[in-house]
> 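There's a structure below that I have some questions on.
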Amino acid sequence: MQLLLIHSDYIEFEAQRPTKMAEEVGEDARSGRLEEALTAFIAVEKFDQDDPEAVVARAAEEIADVALKVKADRIMLYPYAHLSSELSDPDTAITVLKGLQESLSTDFQVVKAPFGWYKAFKLSCKGHPLSELSRSIRMGGGEVVSKALKSEEKAVSYWRILAPGGERMVPVEEFDFADHKKLDKFARYEIEKSRAVDKVPPHVELMRRLELVDYEPGSDSGNMRFYPKGRLIKGLLESYVLDRASDLGAMEVETPIMYDMDHPTLKNYLDRFPARQYTIDAEKKHLFLRFAACFGQFLMASEMVMSYRNLPLKIFEITRYSFRREQRGELVGIRRLRAFTMPDMHTLCLDMNSAVEEFREQYQASISVLKEAGLDLDDYEVAIRFTKDFYESNKEFVEGLVDIVEKPVLIEMWDERFFYFVLKFEFNFVDALDKASALSTVQIDVENAERYGITYVDASGEKQLPILLHCSPSGAIERLMYALLEKGAMDTASGKVPMFPVWLSPTQLRIIPIAERHQPRAMELVHLLPFRVDVDDRDETVGKKIRDAGREWIPYVAVIGDEELESGEMTVTIRAESQPSKPKKVRMSVEDLSSRIEGETRGKPWRRLPLNERLTLRPRFV
RNA sequence: GCCUCGGUAGCUCAGCCGGCCAGAGCGAGUGACUUGUAAUCACUAGGUCGCGUGUUCGAAUCACGCCCGGGGCUCCA
């Protein structure tokens with residue numbers, strides 16, 4: 001027996017006309033409707049004829065089990081021949097269906113749709129993980145109960161480790177991870193999905209304590225509020241990634257955040273991912289919120305006139321926001337969100353050679369972007385995934401990618417292509433609780449040019465399909481902030497002083513006047529220095545002010561007292577060179593400090609301090 | 001979506017086997033101190049005990065429902 005179980009908001013059917021094997025039913029049984037029901041589509045098969053009673057018992061058990069799990073009180077038994085190609089004879093089918101109805105009726109309200117009729121039906125599927133299940137029931141011989149949440153069969157994955165030089169493509173279980181603890185954690189996370197966490201990840205406390213980001217109970221889960229300092233950091237990162245994309249030759253565009261679900265191109269793309277997006281009903285349209293920038297950019301590209309001379313061509317957008325209705329259990333802090341900011345660049349390439357070339361360039365650009373944002377190669381692990389075919393014809397290229405990072409990477413190879421891409425890489429951050437999440441990624445897409453009708457004209461005047469690259473040089477901006485916070489927490493745990501890169505620090509220099517009479521000089525310095533400088537003018541002790549500046553991760557803290565008034569110099573605590581309870585203090589001229597900060601922030605975006613420069617005039621957000 | 005834990009002052013939390021005036025620390029306000037590198041002292045204000053319904057003479061405390069958050073499961077183009 002084949003079962004397809006759908007937890008539905010409602011199911012209704014109406015028998016249209018009988019086939020020659022139709023069972024006799026009265027007028028009132030020819031239509032029906034159930035609310036909040038588990039719908040069981042059922043195909044009774046040849047094998048079931050041997051022992052119909054056992055099949056009924058077993059199937060009733062399965063159905064009841066699922067109904068209890070999803071808390072459905074009602075069950076719709078719906079004969080559905082199309083689930084199997086080896087159907088039983090009609091008599092057995094009717095016997096089994098009636099048996100099921102009887103057996104389940106003790107605990108549930110059961111409705112059975114008539115067997116052998118052409119029926120029209122309407123069904124609304126709930127879309128949670130247990131809402132769509134299929135079961136195969138085979139009695140006797142091998143009692144196999146297969147379970148699939150997705151109808152598409154998954155291709156086989158091979159997991160390998162590819163190290164620079166030396167031995168190539170070692171099966172994961174044979175690789176010696178002794179010097180690669182984080183890669184080990186990442187590989188286990190990817191392959192086994194192993195998790196054993198009972199703590200709140202440390203970035204959650206930090207994002208609030210540093211007054212960056214917070215939950216917004218008035219919205220949906222995973223939609224955050226950003227306080228001024230958080231908005232500053234986020235805005236700087238956004239500007240930076242845009243600058244870097246522009247350096248690569250990308251053109252910034254802006255596309256809508258919502259799309260028509262019934263648009264023919266989008267529809268077939270969407271059908272593969274039901275219930276993952278936010279939907280909006282407006283007038284006559286059924287809209288969904290984008291979960292990436294692909295739609296808008298591909299629709300735009302499909303109407304552009306391009307020749308081979310224009311390629312490779314890059315289009316870039318920072319989606320504020322992309323929306324994915326991730327499951328609530330997955331949402332913690334800002335690691336994964338339902339509304340997130342995604343830099344998304346698409347490159348149209350002439351052919352695979354050009355695509356591979358671009359891929360390498362974007363791979364290197366991604367490494368550089370993360371580095372400037374504060375994440376080194378040590379801070380994340382590399383995964384490269386490809387189809388077997390791609391690997392066979394591009395071995396040296398793939399090995400070259402590994403040599404660039406000079407450390408072993410996790411490889412996933414598929415027998416056959418079952419996504420839209422043939423090659424992708426991701427940089428995965430492994431956090432303080434050993435959870436992995438993807439940051440930068442690039443994919444070579446061989447499917448969507450055709451789906452969206454994107455073409456260019458080649459030298460001989462023929463239309464050609466380009467190869468598409470999807471690239472997010474940094475990954476979601478919020479996730480980058482999460483990684484920086486988690487890195488800070490790990491630094492703290494290992495006895496280091498955490499900090500953001502100077503260009504990202506909300507306050508770059510804090511000035512602490514010792515007594516009130518030093519405040520005028522402090523304010524003077526604020527306006528003299530072209531950085532984000534503020535003054536702790538609170539009526540507190542110097543010790544307290546130093547401590548608070550440290551808790552804010554401020555990279556430079558200058559104390560101004562009588563000595564400094566006299567000499568014109570400053571006593572600066574340099575966070576980057578300090579150790580816990582061992583602050584590094586240096587006497588510096590204003591010019592020296594200025595040129596030092598200037599050197600550390602050169603070439604990066606800048607925004608002014610988003611708060612009042614006097615601490616006493618600032619509100620608290622958290 | 002399911003299971004589980006939690007929601008008390010702006011923040012962190014105590015109280016919670018029904019009944020003492022609902023508390024502490026931090027933060028905020030006021031005053032004193034004018035300070036030299038990781039928490040100065042005193043005073044004051046601040047609470048629909050997440051929301052709703054019920055049980056009870058009486059509910060922060062018990063029950064049920066809902067909302068929000070943490071963890072697990074499931075899932076993750």
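In the text below, chain A, chain B and the rest are named by the order of the sequence lines, each starting its count at 1. Nothing here was measured: the structure is a model prediction, and the numbers come from that model.
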> Do NZ/NE/NH1/NH2 and the carboxylate oxygens of Arg385(A) and Glu190(A) come within less than 4.0 Å?
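Yes.
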
> Indicate whether OP1 or OP2 belonging to C76(B) is found under 4.0 Å from a side-chain N or O atom of Arg325(A).
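Checking Arg325(A) against C76(B): no side-chain N or O falls below 4.0 Å of OP1 or OP2.
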
> With rounding to the closest Å, how many angstrom separate the P atoms on G46(B) and G23(B)?
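One P to the other, the span is 13 Å.
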
> Between G25(B) and A9(B), how far is it from one P atom to the other, in whole Å?
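Going atom to atom, P in each nucleotide, I get 16 Å.
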
> Produce a footprint string for nucleotides 33-40 of chain B: one letter per nucleotide, 5' end first; B if the base is under 4.0 Å from any protein heavy atom, S if only the sugar-phosphate is, - if neither.
BBBBBBBB

> Give none if G1(B) has no partner; otherwise give the nucleotide forming a Watson-Crick or G-U wobble pair with it, both distances under 3.5 Å.
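Across any shown strand, G1(B) pairs with C73(B).
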
> Between C5(B) and G52(B), how far apart are the two P atoms, rounded to whole Å?
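Taking atom P in both C5(B) and G52(B), they lie 24 Å apart.
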
> Between Glu552(A) and Thr507(A), does any side-chain donor sit less than 3.5 Å from a side-chain acceptor?
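Distance-only check fails for Glu552(A) and Thr507(A).
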
> Not counting sequence neighbours, which residues clear ring-ring contact (aromatic ring centres under 6.0 Å, His included) with Tyr391(A)? List them please.
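Residues passing ring-ring contact (aromatic ring centres under 6.0 Å, His included) with Tyr391(A): Phe386(A).
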
> In whole Å, measure the gap between the P atoms of A59(B) and C20(B) for me.
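That atom pair is separated by 11 Å.
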
> Is there a donor and acceptor pair, one atom on the side chain of Arg209(A) and one on the base of C11(B), closer than 3.5 Å?
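There is none.
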
> Expressed in whole Å, how much space separates the C1' atoms belonging to A24(B) and G31(B)?
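Those two atoms are separated by 23 Å.
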
> Could you give the distance separating G27(B) and C68(B) at their C1' atoms, to the nearest angstrom?
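Result for the C1' pair: 24 Å, nearest Å.
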
> Parallel, tilted or perpendicular for Tyr363(A) and Phe427(A), by the 30°/60° rule?
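Answer is tilted, since the angle falls between 30° and 60°.
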
> Rounding to an integer number of angstrom, what distance separates U53(B) and C13(B) when you compare their P atoms?
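Each nucleotide's P atom is 29 Å from the other's.
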
